[in-house]
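In what follows, a single structure is set out as structure tokens and then discussed.
Please read these numbers as outputs of a predicted model, since none were measured by experiment. We use all heavy atoms of the structure for the numbers below, so side chains are in, but hydrogens, waters and symmetry mates are not.
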Amino acid sequence: MIKIINPAFFLLFLYSYTIDAFAYNEITLDVNNFNSISYYNGKDIETLTITSTKQPDYCILISSSQGTPFTKGKIYFNEPIELLKKALNNAYLNPASKWWSIELYHDNDFNHPYAILPITPNKECDNGGLNFEIIEHHPPYYFVSIKLNDKTNYRFGFIKSEIELNEKDFDFTLLDEVYMKNNNKYTLLSCDETNFDCSIAKYAYPYQFFK
């Protein structure tokens, strides 16, 4: 569970104070994007970005400090964006469900959420810059790479598809699944589940081979 604290204490952080809230989490804010709020979870900085401000179905993206997207989709919040950002001041980002959820808390009660906003997958929402590349095709299997916004390789794997894959149809990857904008979903396979020759290093050890 990612713990989020109230950014109202930001000025205190500027003076290097530690805030005694949600187990001594420190506050960090993304000053370059007013629709992004970053929080220290005890190990890393994770950022929630509101990528579409169309009320009541807001698109959000949750990513790591390295820019790796964790999840994205829509939340339902039938209030203006300023009230949404205010509500996010006291919240948990909860990864317990597959696409995560957001639990909202009152200032004086951090034990019982007054609302839970499930994140619903949606192909219209920004995917954080993920790109899909087909490296090789040995029908019916594809050897693929998923790249981050800076073009570094994020995931390698193999996909079985009887229909031709189009790189432009890619939407998002979550856990071991790849989601396409045409609503198709594929499971990332290991080399030994395909017809590729796994004695070849680039198929067996792609993370080492494509450094």
For residues 52-59, tabulate all N or O donor-acceptor pairs below 3.5 Å that involve a side-chain atom, not counting sequence neighbours.
unit_1, atom_1, unit_2, atom_2, d
Q55, NE2, N78, OD1, 3.4
Y58, OH, E79, O, 2.4
Y58, OH, I81, N, 3.1

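- Annotation for K98: atom NZ counts as buried by contact number, over 12 foreign heavy atoms lying within 6.0 Å.
- Remark: C125 SG to I119 CD1 distance equals 10.0 Å, nearest 0.5 Å.
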Intermediate values then yes/no, side chain to side chain contact (heavy atoms under 4.5 Å, CB included), H106 and N90: CA-CA 7 Å; H106 292 299; N90 296 307; over 6 Å; no

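- Ring pair Y105/Y92 is perpendicular by interplanar angle, where above 60° counts as perpendicular and below 30° as parallel.
- Judged by distance alone, with hydrogens and angles left aside, the side-chain atoms of D176 form no donor-acceptor pair with the main-chain N or O of L188 at under 3.5 Å.
- W100 and Y76 fall into different hydrophobic clusters, where Ile, Leu, Val, Met, Phe, Trp and Tyr are joined by side-chain heavy atoms under 4.5 Å apart, directly or via other members.
- One finds a salt bridge joining K74 and E124 here, because a Lys/Arg side-chain nitrogen approaches an Asp/Glu carboxylate oxygen to under 4.0 Å.
- Once rounded to the nearest 0.5 Å, the distance linking CG of N149 with CD of Q66 reads 14.0 Å.
- Note that OG of S63 is 10.0 Å distant from CG of L130, once rounded to the nearest 0.5 Å.
- Looking only at distances, a side-chain donor or acceptor of N195 sits under 3.5 Å from a matching main-chain atom of P139.
- Residue S145 holds its OG atom at 11.5 Å from OH of Y154, rounded to the nearest 0.5 Å.
- Not counting sequence neighbours, N122 has no partner by the side-chain hydrogen bond (donor to acceptor under 3.5 Å, both in side chains) test.
- Of the charged side-chain nitrogens involved, none lies within less than 4.0 Å of a carboxylate oxygen, so that D169 and K123 do not count as a salt-bridged pair.
- Remark: side-chain polar atoms of S64 are paired, donor with acceptor, to backbone N or O of T68 under 3.5 angstrom.
- Residue L93 holds its CG atom at 7.5 Å from CD of E46, rounded to the nearest 0.5 Å.
- One N or O on the side chain of T173 and one on the backbone of E177 form a donor-acceptor pair closer than 3.5 Å.
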Could you check I116 against L104 for side chain to side chain contact (heavy atoms under 4.5 Å, CB included), going step by step and ending with a plain yes or no? CA-CA 6 Å; I116 298 177; L104 304 180; over 6 Å; no

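- I134 CD1 to F170 CZ: the interatomic distance, rounded to the nearest 0.5 Å, is 11.5 Å.
- Results of the ring-ring contact (aromatic ring centres under 6.0 Å, His included) test with F156 over F209, Y142, F210, F132 single out F210 as the only residue that passes.
- Looking at R155, its side chain never comes within 3.5 Å of a backbone N or O of L174 through a donor-acceptor pair.
- For Y205, the OH atom is loosely surrounded, since the number of other residues' heavy atoms within 6.0 Å does not exceed 12.
- N127 and K72 share no side-chain donor-acceptor pair at under 3.5 Å.
- For F196, the ring-ring contact (aromatic ring centres under 6.0 Å, His included) partners two or more places apart in sequence, or in a different chain, are H138, F158, Y203.
- Judged by distance alone, with hydrogens and angles left aside, the side-chain atoms of S65 form no donor-acceptor pair with the main-chain N or O of D44 at under 3.5 Å.
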Begin from the C-alpha positions of I75 and L84 and carry the test side chain to side chain contact (heavy atoms under 4.5 Å, CB included) through to its verdict. CA-CA 10 Å; I75 57 172; L84 173 59; 4.2 Å; yes

